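Remarks on the structure that follows.
Here the structure is a predicted model, which is why all the values come from computation and not from measurement. One-based numbering, in listed order, for ligands and for the atoms of each. Computed over heavy atoms, backbone and side chain alike; hydrogens, waters and symmetry mates excluded.
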Amino acid sequence: MAYDPSNVFAKILRGEIPCTKVYEDAETLAFMDIMPICDGHVLVVPKTPARNVLDATPAQLAACMQTVQRVSKAVMAAFDAGGVSIRQANEAAGGQEVFHLHFHVLPRHDGVKLKPHTGRIEKPDILAANAERIRKAL
Ligand code: AMP
């Protein structure tokens with residue numbers, strides 16, 4: 001499947017719609033998921049086009065994983081988490097909804113389940129406060 005530049009993360013990368021930024025470097029951007037399934041739910045994307053893992057280059061994957069590792073350590077520290085789940089979906093049948101490669105970084109606590117994906121958009125001030133906590137831990 002071809003990359004479609006009208007996807008929402010491409011719009012964020014072009015600055016056409018806002019995001020709550022956590023971290024960026026030359027190759028990647030990390031920002032808060034707008035419909036978090038736990039506090040501190042971050043998405044990591046490459047700045048260059050890739051639909052998902054299936055068409056990404058080794059360089060894109062390597063850059064993303066370096067940022068995923070960095071953000072994982074930061075969310076664990078920021079939310080006093082005991083662990084972190086890293087999730088990633090490929091194509092609709094694999095659960096993918098936004099067709100620009102992304103990794104979910106989810107701080108986890110013993111015995112605490114992730115929230116269901118209800119489609120509820122989190123309040124911007126809460127996303128901003130959580131992003132600030134993570135940035136301080138980077
Ligand atoms: P996936 O199902 O792996 O494709 O996940 C897509 C994720 O993108 C979901 O967790 C959504 O909550 C999230 N999302 C959709 N639109 C935005 C947006 N504008 N800013 C941040 N996250 C978004």
For [X] and [Y], indicate whether the former's side chain and the latter's backbone hold a donor-acceptor pair under 3.5 Å.
X: R51; Y: E91; result: no
X: R70; Y: Y23; result: no
X: K47; Y: D25; result: yes
X: R108; Y: S85; result: no

Any chance you could lay out the ring-ring contact (aromatic ring centres under 6.0 Å, His included) test for H100 and H102, step after step, and finish with the verdict?
CA-CA 6 Å; H100 181 105; H102 56 280; 8.1 Å; no

Say you draw a straight line from CG of N52 to CD of Q96; how long is it, rounded to the nearest 0.5 Å?
4.5 Å

Near ligand 1, at a heavy-atom separation below 4.0 Å: residues by chain and residue number
V8, F9, I12, F31, M32, D33, I34, M35, L43, A89, G95, Q96, E97, V98, H102, H104, H117

